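The structure appears below as structure tokens.
Sequence lines set the chain letters: A, B, ... in the order given, protein chains first and strands last, and positions in each chain run from 1. It should be emphasised that the depicted structure is a prediction, and the values quoted were computed from it without experimental measurement.
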Amino acid sequence: MIPAPFGYARASSASHAAGLLAGHGDDAKLLAGGQSLLPMMTLRLSRPAMLIDVGMAGLSGIAAGDGELVIGAATTHAEIASSSLVRAQAPAAGVCRRPHR
Amino acid sequence: MQLIVTVNGRQRADEVEPRLLLVHYLREVCGLRAANAGCDTTSCGACTVLLDGASVKSCAMLAVQAQGRSVTTAEGLAPSGELHPVQQAFRAEHALQCGFCTPCMVLAAVSLLAERPDPTEQQVREGLEGNLCRCTGYHNIVTAVLAAARAATPAGHTAGPASPGGAPESR
């Protein structure tokens, strides 16, 4: 196990995450996908005491509204790149290359 | 904390520390050694597995992030013992040298072909760009992925698994 020990909480909603964040303050970091944070923790360049996982907090998804496109904060690049809604309504956002998720 | 996850079609329940990376869970707890821990920093892709069918780098993911989801390693591609079509194509096209990157290349290719069944050579190269072959054996890898795609599409070859010699000239 390479990262230093930390506490872990899985947020079930945005308000749950906000409550957890308020409770833990600067000791906590939000974990979305982890593609940036976890390598930093693996190298021990970052050692948060607490991770609040927002990956299952219902924050991902792409929806078209009235003249707008709503992309959830936890939506992955891959989901955006492969979204027909994005391609149709905001092609510039969809040109990011197919990344690993 | 308790982790419940489906690995290669079988549900498991294990007690794990939150800091356990998915690649180490698969290798050390599940005993599945196909995913390699190459660089630990998401650069090389040797740890690629499928998460709900899509490729992810398991060194940049905690095991607990896979809670309730389905993970497939290279061991899970051929449950009956018969090689997966992408594995067959890798063998037929000699798409490996030392083999370190092979499980991840195969899984990345499976994910790519699920998303884009009939890719161009350029799309294959871009689709595999997060996976490094330290032998630099990319040419045959790309050839194999294109062969697997042709074998799987209705317009492709129908005569048996491997279709050697079917690779397009690319350089």
Side-chain angles (χ1 to χ4, degrees), chain A residues 1-12 17 20 24 27-60 74-84 86-87 94-101, chain B residues 1-3 16-25 27-29 37-69 104 107-108 111-116 119 122-132:
Chain A
M1 282 180 264
I2 302 175
F6 54 82
Y8 174 88
R10 190 178 287 128
S12 57
L20 288 166
H24 290 279
D27 291 339
K29 278 192 184 296
L30 292 177
L31 174 68
Q35 296 280 299
S36 302
L37 178 59
L38 290 177
M40 293 283 282
M41 292 173 62
T42 297
L43 295 169
R44 302 216 176 183
L45 296 171
S46 178
R47 295 181 65 157
M50 183 76 193
L51 284 189
I52 298 167
D53 188 348
V54 296
M56 299 181 199
L59 296 173
S60 63
T75 309
T76 65
H77 286 194
E79 287 162 350
I80 295 169
S82 60
S83 163
S84 53
V86 171
R87 244 193 322 278
V95 297
C96 58
R97 298 171 85 183
R98 176 188 177 279
H100 276 264
R101 289 159 230 227
Chain B
M1 62 189 296
Q2 193 185 47
L3 169 65
V16 301
E17 274 195 64
R19 62 173 169 156
L20 182 66
L21 297 173
L22 180 60
V23 64
H24 293 140
Y25 169 74
R27 290 178 61 84
E28 293 159 20
V29 179
C39 70
D40 292 325
T41 52
T42 75
S43 302
C44 77
C47 63
T48 299
V49 299
L50 301 183
L51 184 69
D52 294 333
S55 59
V56 296
K57 292 179 177 178
S58 61
C59 78
M61 186 173 165
L62 302 172
V64 293
Q65 287 179 279
Q67 174 76 17
R69 305 182 72 174
C104 76
L107 289 170
S111 177
L112 172 67
L113 293 177
E115 193 177 310
R116 202 186 288 272
Q122 186 60 29
Q123 287 167 338
V124 171
R125 289 184 183 275
E126 287 178 5
L128 298 180
E129 71 180 0
N131 296 84
L132 302 183

Report task. Let me know if A/Met56 has heavy atoms under 4.5 Å from chain B in its side chain, its backbone, both or neither. Result -> side chain
Query - Toward chain A, the part of B/Gln67 with a non-hydrogen atom under 4.5 Å - result: both
Query raised in the report: Quick one: are B/His24 and A/Ile2 in side-chain contact, heavy atoms under 4.5 Å?
Result: yes
Report summary line: Rounding to 0.5 Å, atoms CD (A/Gln35) and NZ (B/Lys57) come to a distance of 7.0 Å
Query - Interatomic distance, A/Thr42 atom OG1 to B/Leu21 atom CG [nearest 0.5 angstrom] - result: 5.0 Å
Query - Beyond-backbone contact of A/Leu51 with B/Leu62, side-chain heavy atoms, under 4.5 angstrom - result: yes
Report task. Give a yes or no answer on whether the side chain of B/Arg19 reaches the backbone of A/Gly7 with a donor-acceptor pair at less than 3.5 Å. Result -> no
Query - Spatial distance of atom CG (B/Leu20) from atom OH (A/Tyr8) [nearest 0.5 Å] - result: 12.5 Å
**Report entry** Region of A/Leu37 in contact with chain B, defined by heavy-atom distances below 4.5 Å
**Finding:** neither
Requested in this report: Under 4.5 Å heavy-atom distance to chain A, tell me which part of B/Leu51 shows up: side chain, backbone, both or neither.
Outcome: neither
Requested in this report: Quick one: pull up CD in B/Gln65 and CG in A/Asp53 and give me the separation to the nearest 0.5 Å.
Outcome: 5.0 Å
